[in-house]
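In what follows, chains carry the letters A, B, and so on, assigned in the order in which the sequence lines appear, proteins first and then strands, with residues in each chain numbered from 1. Values below: all heavy atoms of this structure, side chains included; hydrogens, waters and symmetry mates excluded. Note that this is a predicted model, so its numbers are computed, not measured.
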Number of protein chains: 2
Amino acid sequence: MQKLTKREDQIMQIVWRLKTAFIRDIIEQLPEPKPHYNTVATIVKILVKKGVLQSEMIGNTHQYSSAVDFEAYRDENLGSIKKKFFGNSFSKMMAYFAKEENLSEAEIEELIHMIKSNKNKKS
Amino acid sequence: MQKLTKREDQIMQIVWRLKTAFIRDIIEQLPEPKPHYNTVATIVKILVKKGVLQSEMIGNTHQYSSAVDFEAYRDENLGSIKKKFFGNSFSKMMAYFAKEENLSEAEIEELIHMIKSNKNKKS
DNA sequence: GTAGAACTACTAATTTATTAGTAGGTAATT
DNA sequence: AATTACCTACTAATAAATTAGTAGTTCTAC
C-alpha cells in the first residue's frame with residue numbers, strides 16, 4: 001500500500017470513521033480553516049488513484065468508501081515504532097506504557113484480560 | 001516542538017543515536033543511495049533553525065548535537081499515535097503491541113506483574 | 001606551491017504536496 | 001426561465017520538501 005501524505009492521511013481517517021462519505025461530509029469533518037471543495041475533491045481523486053478509496057455514483061455525485069482496511073494501514077504504520085523508539089525492545093516499550101499511564105484498577109484488569117485473550121490472535 | 005518531515009526525522013534518529021555527529025557521520029549512517037553532502041547539510045541547517053539541533057565549531061567544521069531530548073519527541077509521537085490509531089486509549093495501544101509479540105505464559109505473567117507494580121510510578 | 005579532499009555559505013533546480021480557479025452540468029426554488 | 005447551490009472534470013498556481021550546483025576556504029600530502 002502506498003504511503004499517504006499528511007492531508008491524505010487526514011482524509012482517510014475521516015472516511016474510516018464515517019465508513020462512507022461524500023466530499024461535503026469530509027469537509028464538514030475537517031477543522032477550520034476548511035479547504036476549498038475542489039481541494040478536497042482533488043486529494044480524494046488521488047486517493048482513488050492510489051487505490052485506498054473507492055467511489056460509487058449515488059444519483060449524480062460520488063460517494064466514497066475505504067478500499068483498504070484501517071487495521072492494515074495501522075499495522076503498516078506501527079511496524080517500525082518499537083524499533084524507532086525503544087531500540088526494538090518490547091519490555092522497554094511496555095515499561096514505558098505502564099509507567100506513562102496511571103491506569104485504574106479496572107483498566108488494569110481490562111488490559112490484562114485483553115492481553116491474555118488476544119494472545120496469538122494477531123489477525 | 002515543530003513537526004519533522006520524513007528526512008528530518010531520519011536524520012534526527014541518527015543524531016540521537018550518535019549523540020554528536022558531523023555531516024559525514026550522518027551520511028555514513030544513511031542507507032544507499034546516499035544523498036549529496038550539501039543535501040544533508042541543508043536539512044541539518046533547517047533542523048538548527050527549527051531548534052532541534054545545535055551546532056558547535058570543532059576546528060573549522062560544525063559538530064551537531066540534539067537540542068531536544070529524544071524522550072520528548074517520542075512522547076509527542078506516541079501521543080498522536082495513541083489518538084490516531086487507538087481512540088486515545090493507552091491500554092488498547094498496549095494490548096496491541098502485546099498481542100504482536102506472541103508472549104509465552106511466563107512472559108505474560110511477568111508483564112502483568114510489571115503493569116501492576118509500575119502503577120502510579122510515573123517518573 | 002599545487003592537487004585533492006572535505007568543508008563552508010549561498011543559491012537554485014526539482015519534485016512532491018496542497019490549494020484552488022475555470023467552465024460546464026444538474027436539480028431544486030422562486 | 002433565471003437564480004442559486006452543489007456537483008463534475010480539467011487545469012493551473014502555490015507552497016513545502018528534497019536535492020544538488022557553484023564558488024570559495026582550509027588543511028593535508030605530495
Side-chain angles (χ1 to χ4, degrees), chain A residues 1-16 18 20-68 73 76-77 80 84, chain B residues 1-15 18 20-65 67-68 73 76-77 80 84:
Chain A
M1 182 183 152
Q2 284 197 61
K3 268 277 175 196
L4 303 185
T5 67
K6 270 191 292 254
R7 202 47 143 176
E8 288 167 1
D9 177 285
Q10 186 185 30
I11 287 174
M12 284 309 294
Q13 296 290 333
I14 291 170
V15 177
W16 273 313
L18 300 183
T20 76
F22 295 96
I23 299 290
R24 63 169 167 280
D25 301 322
I26 294 170
I27 293 171
E28 195 187 319
Q29 297 290 318
L30 287 167
E32 297 290 349
K34 311 256 188 220
H36 190 282
Y37 184 101
N38 288 341
T39 299
V40 178
T42 301
I43 294 180
V44 163
K45 220 159 282 173
I46 292 168
L47 286 166
V48 171
K49 200 165 66 189
K50 284 191 176 179
V52 298
L53 278 184
Q54 55 198 172
S55 73
E56 185 188 355
M57 271 312 226
I58 301 281
N60 56 355
T61 91
H62 295 288
Q63 186 184 56
Y64 297 94
S65 58
S66 171
V68 304
Y73 182 65
E76 267 186 48
N77 274 268
S80 59
K84 183 165 160 187
Chain B
M1 183 183 151
Q2 283 197 61
K3 267 276 176 197
L4 302 185
T5 66
K6 270 191 293 253
R7 205 43 146 175
E8 289 168 358
D9 178 283
Q10 186 184 30
I11 287 175
M12 283 310 294
Q13 295 291 333
I14 291 171
V15 177
L18 301 183
T20 76
F22 295 97
I23 300 291
R24 68 177 109 83
D25 301 322
I26 294 170
I27 293 170
E28 194 187 316
Q29 297 289 319
L30 288 168
E32 299 289 350
K34 311 257 190 219
H36 190 282
Y37 183 100
N38 289 341
T39 299
V40 178
T42 300
I43 295 179
V44 163
K45 220 158 284 173
I46 291 167
L47 287 166
V48 171
K49 200 164 68 188
K50 283 191 178 181
V52 299
L53 277 185
Q54 55 197 173
S55 73
E56 184 188 357
M57 270 314 226
I58 301 282
N60 57 355
T61 91
H62 295 289
Q63 186 185 53
Y64 297 94
S65 59
V68 303
Y73 183 64
E76 268 184 47
N77 273 268
S80 64
K84 185 164 152 187

### Message
So A/Tyr37, base contact, sugar-phosphate only, or nothing? Heavy-atom distance under 4.0 Å.
### Response
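Touches a base.
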### Distance-only donor-acceptor test, B/Thr42 side-chain atoms vs D/dA20 base atoms, 3.5 Å
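Pair found.
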#### Entry: Side-chain-base donor-acceptor pair under 3.5 Å for B/Asn38 and D/dT18
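Looking at the base of D/dT18, it does not pair with any donor or acceptor on the side chain of B/Asn38 (distance under 3.5 Å).
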Which one, [options], comes nearest to the side chain of [X]?
| X | options | result |
| --- | --- | --- |
| A/Thr39 | D/dA17, C/dA20, D/dC6 | C/dA20 |
| B/His36 | D/dG21, C/dT18, D/dT8 | D/dG21 |
| B/Lys45 | D/dT8, C/dA9, D/dC6 | C/dA9 |

### Task
Could you tell me whether the side chains of A/Asp25 and A/Tyr64 share a donor-acceptor contact shorter than 3.5 Å?
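Result is no, nothing qualifies.
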What integer distance in Å separates [X]:[atom1] from [N]:[atom2]?
| X | N | atom1 | atom2 | result |
| --- | --- | --- | --- | --- |
| B/Ile46 | C/dA9 | CD1 | P | 14 Å |
| A/Ile27 | D/dA5 | CD1 | P | 16 Å |
| A/Leu4 | C/dT18 | CG | P | 10 Å |
| A/Ile11 | C/dT19 | CD1 | C1' | 11 Å |
| A/Leu30 | C/dT18 | CG | C1' | 13 Å |
| B/Ile43 | C/dT15 | CD1 | C1' | 13 Å |
| B/Phe22 | D/dT26 | CZ | P | 18 Å |
| B/Lys49 | D/dT18 | NZ | P | 14 Å |

### Task
Write down the atom of B/Lys34, the atom of B/Glu28, and the distance for their closest heavy-atom approach.
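Nearest heavy atoms, B/Lys34 then B/Glu28: NZ-O, 2.9 Å.
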#### Entry: Side chain A/Asn77, main chain A/Tyr73, donor-acceptor under 3.5 Å
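Side chain of A/Asn77 to backbone of A/Tyr73, a donor-acceptor pair under 3.5 Å: yes, one is there.
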### Query
Counting just side-chain N and O atoms, does B/Arg24 come under 4.0 Å of either OP1 or OP2 of C/dC7?
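Yes, B/Arg24 has a side-chain N/O under 4.0 Å of OP1/OP2 on C/dC7.
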### Task
Would you indicate, yes or no, if D/dC7 has its OP1 or OP2 atom less than 4.0 angstrom from a side-chain nitrogen or oxygen of A/His62?
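Looking at the OP1 and OP2 atoms of D/dC7, neither is under 4.0 Å from any side-chain N or O of A/His62.
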### Toward the 5' end of DNA chain C, by each residue's nearest nucleotide, A/Asn60 or A/Arg7
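Its nearest nucleotide lies further toward 5', so the answer is A/Arg7.
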### Query
Got B/Val52 and B/Gln2 here, is their nearest side-chain heavy-atom distance under 4.5 Å?
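Not touching, per the 4.5 Å side-chain cut-off.
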### Task
For A/Thr61 and for A/Lys6, locate the closest nucleotide of DNA chain D by heavy-atom distance; then report the residue assigned to the nucleotide nearer the 5' terminus.
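The residue whose closest nucleotide sits nearer the 5' end is A/Thr61.
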### Option from A/Arg7, A/Met12, A/Gln13, A/Glu8 for which side-chain contact (heavy atoms from CB on, under 4.5 Å) with A/Gln10 holds
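Option passing the side-chain contact (heavy atoms from CB on, under 4.5 Å) with A/Gln10: A/Arg7.
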